[in-house]
**Student:** 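Here it is, the structure in full.
These figures come from a predicted structure and were not determined experimentally. Lettering of chains follows the sequences in order, A, B, ..., and the numbering in each one begins at 1.
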There are 2 protein chains.
Amino acid sequence: MNHLFKALSDPTRRRILDLLKDGEMTPGDLYPHFDISKPSLSHHLSLLKQAELVVVRRDGKQLFYRLNTTVLQDLMSWTLDFLSSEDPT
Amino acid sequence: MNHLFKALSDPTRRRILDLLKDGEMTPGDLYPHFDISKPSLSHHLSLLKQAELVVVRRDGKQLFYRLNTTVLQDLMSWTLDFLSSEDPT
DNA sequence: GACATATTTCGAAGATTGTCTATATGATCC
DNA sequence: GGATCATATAGACAATCTTCGAAATATGTC
């Protein structure tokens, strides 16, 4: 769970996730959307992968990153747990 | 939104929120649950307040911190946005 | 006003993070 | 096998974050 929150705490990484909403993308596709170097982008993708927010597949030379919504469901549960515990004192 | 994610990215702060689920608490109440100094705890509370995850009221010498679930509803919306955009290609 | 209690703010040390350039890996093509 | 393209890893540096002890603020009591 800590990996997840750490991964989400950076704006660049959240923007990556936003872009992946429309379907899988390669680092090469993502790169022009950011003002950072390719290694930096790669590093962000690595953290997202560690947090299991994305999954990767390889096709030839390219890697395709795709959203993994499983962990986001965990985030939903985590959040709901607070909303349901609200004490209307 | 960035303040929110940054605030949630620390385990100590998430634990504070957990403790506040059962109702409002003072820094003095929270302190024995952690292995950090009072200034550190105070700092975490300050970040949670900045992120609007908690609200504070004073009664005499004591400050009472309480969960503010409004922002957590925003987090829910943010998360749901991903789950609904899942593309079953 | 002097003192005690509850909590925060200040200033600095150490750890973690984001970024870069340079180099390495993996896959394809000739 | 060598060249090339796509991407990752290594190592270094600056910025940010967490933490602390010391000092400051706010409230209440005598």
**Student:** From the set C:dC20, C:dT7, C:dC10, return the single nucleotide nearest to any side-chain atom of B:L63.
**Tutor:**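 Output: C:dT7.
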
**Student:** What nucleotide, of D:dG28, D:dT7, C:dA27, holds the atom closest to the side chain of A:K38?
**Tutor:**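 In terms of side-chain proximity for A:K38, the closest of D:dG28, D:dT7, C:dA27 is D:dT7.
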
**Student:** Reckon B:F34 touches a base, only the sugar-phosphate, or nothing at all at heavy-atom distances under 4.0 Å?
**Tutor:**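 Since no nucleic acid heavy atom lies under 4.0 Å of B:F34, the category is nothing.
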
**Student:** What's B:H43 touching, base or sugar-phosphate or nothing? Going by heavy atoms closer than 4.0 Å.
**Tutor:**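 Base contact.
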
**Student:** Looking at every non-hydrogen atom in both residues, tell me the closest pair between A:N68 and A:T70 and how far apart they are.
**Tutor:**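 The answer is OD1-OG1, 2.9 Å.
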
**Student:** Which residue, A:S42 or B:S40, contacts DNA chain D at a nucleotide closer to its 5' end, judged by nearest heavy atom?
**Tutor:**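 Mapping each residue to its closest nucleotide by heavy atoms, the 5'-most match is A:S42.
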
**Student:** Indicate, with a heavy-atom threshold strictly under 4.0 Å, whether A:P27 touches base, sugar-phosphate, or nothing.
**Tutor:**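 Sugar-phosphate, no base atom in range.
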
**Student:** Do A:L19 and A:F34 pass the side chain to side chain contact (heavy atoms under 4.5 Å, CB included) test, and can you show the C-alpha distance, the side-chain angles, and the key distance before you say yes or no?
**Tutor:** CA-CA 11 Å; A:L19 289 166; A:F34 299 89; 3.7 Å; yes

**Student:** Whole Å only: how far is the NZ atom of A:K49 from the P atom of D:dT7?
**Tutor:**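 The distance from NZ of A:K49 to P of D:dT7 comes to 13 Å, rounded to the nearest Å.
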
**Student:** Could you check which of D:dT7, C:dG18, C:dT5 has an atom nearest any side-chain atom of A:H44?
**Tutor:**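 Shortest atom-to-atom distance from the side chain points to C:dG18.
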
**Student:** Please state how far atom CG in A:L41 lies from atom P in C:dT19, giving the value in whole angstrom units.
**Tutor:**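 Roughly 10 Å, once rounded to whole Å.
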
**Student:** Would you kindly give the CG-to-P distance between A:D35 and C:dT19, to the nearest whole Å?
**Tutor:**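 Going from A:D35 (CG) to C:dT19 (P), I get 11 Å.
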
**Student:** Of all the nucleotides listed (C:dG18, D:dT27, C:dA27), which has the minimum atom distance to the side chain of B:R58?
**Tutor:**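 From the listed options, D:dT27 comes nearest.
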
**Student:** To the nearest Å, how far apart are B:N2 CG and C:dT17 C1'?
**Tutor:**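 To the nearest whole Å, that distance equals 14 Å.
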
**Student:** Between A:G60 and B:P39, who's closer to the 5' end of DNA chain C by nearest nucleotide?
**Tutor:**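 Between the two, 5'-proximity favours B:P39.
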
**Student:** Does a side-chain N-to-carboxylate-O contact under 4.0 Å join B:R15 and B:D18?
**Tutor:**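 Salt bridge flag = no for B:D18 with B:R15.
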
**Student:** Which part of the nucleic acid, if any, lies within contact of B:S46, taking any heavy atom under 4.0 Å across all strands shown: a base, the sugar-phosphate backbone alone, or nothing?
**Tutor:**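 Result for B:S46 = nothing.
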
**Student:** Please classify the nucleic acid contact of B:L30 as base, sugar-phosphate, or nothing, using heavy-atom distances under 4.0 Å.
**Tutor:**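 No contact.
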
**Student:** Between A:W78 and B:L8, what is the shortest heavy-atom contact and its length?
**Tutor:**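 Looks like CH2-CD2, 3.6 Å.
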
**Student:** Given atom CG of B:D59 and atom C1' of D:dA26, what is their separation to the nearest angstrom?
**Tutor:**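 Spelled out: CG on B:D59 to C1' on D:dA26 is 14 Å.
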
**Student:** Specify the closest pair of heavy atoms between B:L72 and A:T79, including all atoms of both residues, with the distance to one decimal.
**Tutor:**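 That closest heavy-atom pairing would be O-CG2, 3.3 Å.
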
**Student:** Yes or no on side chain to side chain contact (heavy atoms under 4.5 Å, CB included) for A:H44 and A:I36, after CA distance, side-chain angles and deciding distance?
**Tutor:** CA-CA 11 Å; A:H44 286 303; A:I36 60 177; 3.8 Å; yes

**Student:** The side chain of A:K61 is closest to which nucleotide in this list: C:dT19, D:dC5, C:dT7?
**Tutor:**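 Selected nucleotide (nearest to the side chain): D:dC5.
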
**Student:** Can you check the B:F5 CZ to D:dC17 P distance for me, whole Å?
**Tutor:**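 After rounding, the gap between these two atoms is 16 Å.
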
**Student:** With the side chain of B:D10 defined as its heavy atoms from C-beta on, choose the nearest nucleotide among D:dT18, D:dC17, D:dC20.
**Tutor:**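 Between D:dT18, D:dC17, D:dC20, the one nearest the side chain of B:D10 would be D:dT18.
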
**Student:** Rounding to an integer number of Å, can you tell me how far B:Q50 CD sits from D:dC17 P?
**Tutor:**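 Value for this atom pair: 10 Å.
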
**Student:** Of the options C:dC20, D:dT18, C:dA6, whose atoms approach the side-chain atoms of B:Q62 most closely?
**Tutor:**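 When the side chain of B:Q62 is considered, C:dA6 is the closest of C:dC20, D:dT18, C:dA6.
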
**Student:** Output the rounded distance in Å from OH (A:Y31) to P (D:dA8).
**Tutor:**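 The distance from OH of A:Y31 to P of D:dA8 comes to 14 Å, rounded to the nearest Å.
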
**Student:** What nucleotide, of C:dC20, D:dT18, D:dC20, holds the atom closest to the side chain of A:S37?
**Tutor:**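 Of all the options, the side chain of A:S37 is nearest to C:dC20.
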
